[in-house]
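Just below is one structure, and these are the notes that go with it.
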Amino acid sequence: MNRFMKCKICKANSVNIFKTLVLQEHNVEYFQCLYCDFIQTETPYWLEQAYKSPMSILDVGVINRNIKCADLTQEAIEAWFDVDGSFLDYAGGYGILVRLMRDKGYDFVRSDKYSENLFASFFDINDSSHTFFEMITGFEVMEHLENPLETLEDIFSRTKNFLFSTELIPFKKVNPENWWYFAAEGGQHISFYSAKTLKVIAEIYDVNYFNIHSKFHLFSKDKIDIKQLKRNKRNLHKGNGMNRFLNKKTTNPTKKSLLMSDYELVRKHLKKEKG
């Protein structure tokens with residue numbers, strides 16, 4: 001007989017769809033919503049064990065992913081948002097994306113309750129004078145959330161634009177044998193979304209939902225022109241490579257890098273701490 005849980009998104013019934021070993025030792029039940037397709041685990045009692053290290057040892061693609069996410073974020077900002085605005089990378093891990101975005105010239109800060117800021121020191125949310133942001137990013141965050149609506153409530157209190165990534169449930173009757181994204185060996189992925197799930201979330205918060213590309217998504221209070229992203233992308237990446245390295249003028253509309261000004265700011269902080 002199937003067991004049920006209440007869906008954490010729409011509160012409809014979720015039925016048990018399989019059990020699998022998490023962290024290679026916990027036999028965990030997974031439930032799928034009969035209405036919005038959201039998949040959630042049973043109460044994730046193993047999270048403290050899973051997060052002994054903030055980054056899973058299985059996350060071998062963290063550097064490559066951040067580079068790609070930084071490029072996409074730049075394209076989105078140039079297409080739809082105020083390039084001179086302030087931005088927040090939510091649950092930003094070691095600060096890799098923030099450093100990349102500041103190198104591109106955008107005013108990014110980071111927040112993360114569980115991870116040390118290794119790459120963007122002095123550019124945390126507590127270092128910012130802003131409490132509301134032009135846009136918030138959340139890459140590889142949604143699948144980690146035990147209570148997604150609580151986190152989204154916090155995010156939408158700080159912005160009207162949320163750019164994020166998550167792999168969508170690809171078909172019915174998914175399981176760890178036919179969908180790698182469950183990543184049960186690491187134990188950190190506990191929430192999984194379909195396109196329908198994200199549309200239901202958009203209705204809850206009265207925002208528009210846009211699938212940007214594959215696993216990249218945007219919630220926005222505004223209506224946007226998706227085609228503008230492709231038009232801007234063609235112009236944005238003209239002049240990449242050696243011309244940019246040599247600081248030659250190109251048609252590239254990106255802002256001036258904050259690298260040197262950040263370097264001077266960090267130097268001042270270090271001198272102040274020693275003084």
Side-chain angles (χ1 to χ4, degrees), residues 1-66 68-69 90-94 112-115 138-152 155 164-202 204 209 211 213-217:
M1 182 176 178
N2 286 333
R3 293 187 59 227
F4 290 86
M5 290 182 69
K6 288 294 182 183
C7 174
K8 292 180 179 179
I9 303 299
C10 70
K11 312 307 178 188
N13 281 334
S14 294
V15 63
N16 173 268
I17 53 174
F18 62 81
K19 282 186 177 183
T20 194
L21 279 180
V22 169
L23 294 172
Q24 302 184 63
E25 61 178 281
H26 306 290
N27 200 19
V28 172
E29 290 184 285
Y30 287 66
F31 297 80
Q32 185 163 28
C33 179
L34 296 173
Y35 176 69
C36 75
D37 301 328
F38 179 67
I39 295 176
Q40 63 198 58
T41 66
E42 62 180 275
T43 301
Y45 54 85
W46 59 89
L47 288 185
E48 183 176 353
Q49 180 183 354
Y51 283 99
K52 283 184 177 179
S53 172
M55 189 179 75
S56 170
I57 195 171
L58 293 172
D59 194 1
V60 297
V62 60
I63 300 298
N64 183 57
R65 181 176 69 249
N66 273 278
K68 290 181 178 179
C69 288
Y90 197 95
Y94 295 138
D112 198 308
K113 296 178 181 178
Y114 306 106
S115 180
F139 297 119
E140 290 297 306
V141 173
M142 295 289 283
E143 54 279 354
H144 293 257
L145 301 179
E146 183 175 359
N147 296 295
L149 295 189
E150 289 182 10
T151 298
L152 289 167
I155 288 171
F164 64 99
S165 68
T166 196
E167 295 276 352
L168 296 182
I169 299 167
F171 44 78
K172 293 183 177 180
K173 297 184 179 180
V174 290
N175 60 61
E177 283 69 49
N178 60 27
W179 194 37
W180 68 275
Y181 206 58
F182 286 114
E185 299 88 349
Q188 295 184 1
H189 286 197
I190 57 175
S191 293
F192 308 90
Y193 310 78
S194 70
K196 184 174 182 180
T197 312
L198 297 181
K199 290 174 183 176
V200 168
I201 291 173
I204 292 171
Y209 164 64
N211 178 244
H213 172 69
S214 181
K215 66 177 183 179
F216 295 101
H217 317 272

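Remember, it's a predicted structure, so these values are computed and weren't measured experimentally.
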On a heavy-atom basis, which atom in [X] and which in [Y] lie closest, and how many Å separate them?
X: Leu23; Y: Ala50; result: CD1-N, 4.0 Å
X: Gly93; Y: Asp112; result: N-OD2, 2.8 Å
X: Cys69; Y: Phe216; result: SG-CE2, 3.8 Å
X: Val174; Y: Phe18; result: O-CE2, 3.5 Å
X: Ser14; Y: Gln40; result: OG-OE1, 4.3 Å
X: Pro44; Y: Thr41; result: CB-OG1, 4.1 Å

Measuring centre to centre across the rings, with the benzene-like ring taken for any Trp, is Tyr181 within less than 6.0 Å of His189?
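Centroid distance Tyr181-His189: below 6.0 Å, so yes.
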
Using the benzene-type ring in the case of Trp, are the ring centres of Tyr45 and His26 under 6.0 Å apart?
yes

Is there a side-chain contact between [X] and [Y] in this structure, where contact means two heavy atoms from C-beta onward sitting under 4.5 Å apart?
X: Phe38; Y: Ser191; answer: yes
X: Leu34; Y: Val15; answer: yes
X: Lys8; Y: Leu149; answer: no
X: Ile201; Y: Ile9; answer: yes

Intermediate values then yes/no, side chain to side chain contact (heavy atoms under 4.5 Å, CB included), Gln188 and Tyr51
CA-CA 7 Å; Gln188 295 184 1; Tyr51 283 99; 3.5 Å; yes

Which residues pass the side chain to side chain contact (heavy atoms under 4.5 Å, CB included) test with Lys19, not counting sequence neighbours?
Asn27, Glu29

What residues, two or more places apart in sequence or in another chain, satisfy side chain to side chain contact (heavy atoms under 4.5 Å, CB included) together with Tyr35?
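Cys10, Ala12, Cys33, Lys196, Val200.
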
Distance check, rounded to the nearest 0.5 Å: [X] atom [atom1] versus [Y] atom [atom2]?
X: Ile39; Y: Trp179; atom1: CD1; atom2: CH2; result: 6.0 Å
X: Asn211; Y: Lys215; atom1: CG; atom2: NZ; result: 12.5 Å
X: Trp46; Y: Ile190; atom1: CH2; atom2: CD1; result: 7.0 Å
X: Lys52; Y: Leu47; atom1: NZ; atom2: CG; result: 13.0 Å

Show me the donor-acceptor pairs within less than 3.5 Å that the side chains of residues 164-173 make with the rest of the protein, sequence neighbours left out.
from: Ser165; atom 1: OG; to: Glu140; atom 2: N; distance (Å): 2.9
from: Thr166; atom 1: OG1; to: Glu143; atom 2: OE1; distance (Å): 2.7

Residues in salt bridge (Lys or Arg N to Asp or Glu O under 4.0 Å) with Glu146, at least two apart?
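Checked Glu146 against salt bridge (Lys or Arg N to Asp or Glu O under 4.0 Å); zero matches.
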
Ignoring hydrogens and geometry, is there a side-chain-to-backbone donor-acceptor pair from [X] to [Y] under 3.5 Å?
X: Tyr30; Y: Phe182; result: no
X: Asn16; Y: Phe31; result: no
X: Asn66; Y: Ile63; result: no

Taking side-chain hydrogen bond (donor to acceptor under 3.5 Å, both in side chains) as the definition, give me every residue that meets it alongside Thr197, ordered by chain and number, with sequence neighbours left out.
Ser194

side-chain hydrogen bond (donor to acceptor under 3.5 Å, both in side chains) against Asn147, all qualifying residues, sequence neighbours excluded:
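side-chain hydrogen bond (donor to acceptor under 3.5 Å, both in side chains) check on Asn147 returns nothing, list empty.
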
If you measure only the distance, is there a donor-acceptor pair under 3.5 Å linking the side chains of Glu25 and Gln49?
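Their side chains do contain a donor-acceptor pair, which is all the 3.5 Å distance test asks for.
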
May I ask you to check whether His144 and Tyr114 show a side-chain donor-acceptor distance below 3.5 Å?
no

Just checking Lys68: does its NZ atom have more than 12 heavy atoms from other residues, nucleotides or ligands closer to it than 6.0 angstrom?
no

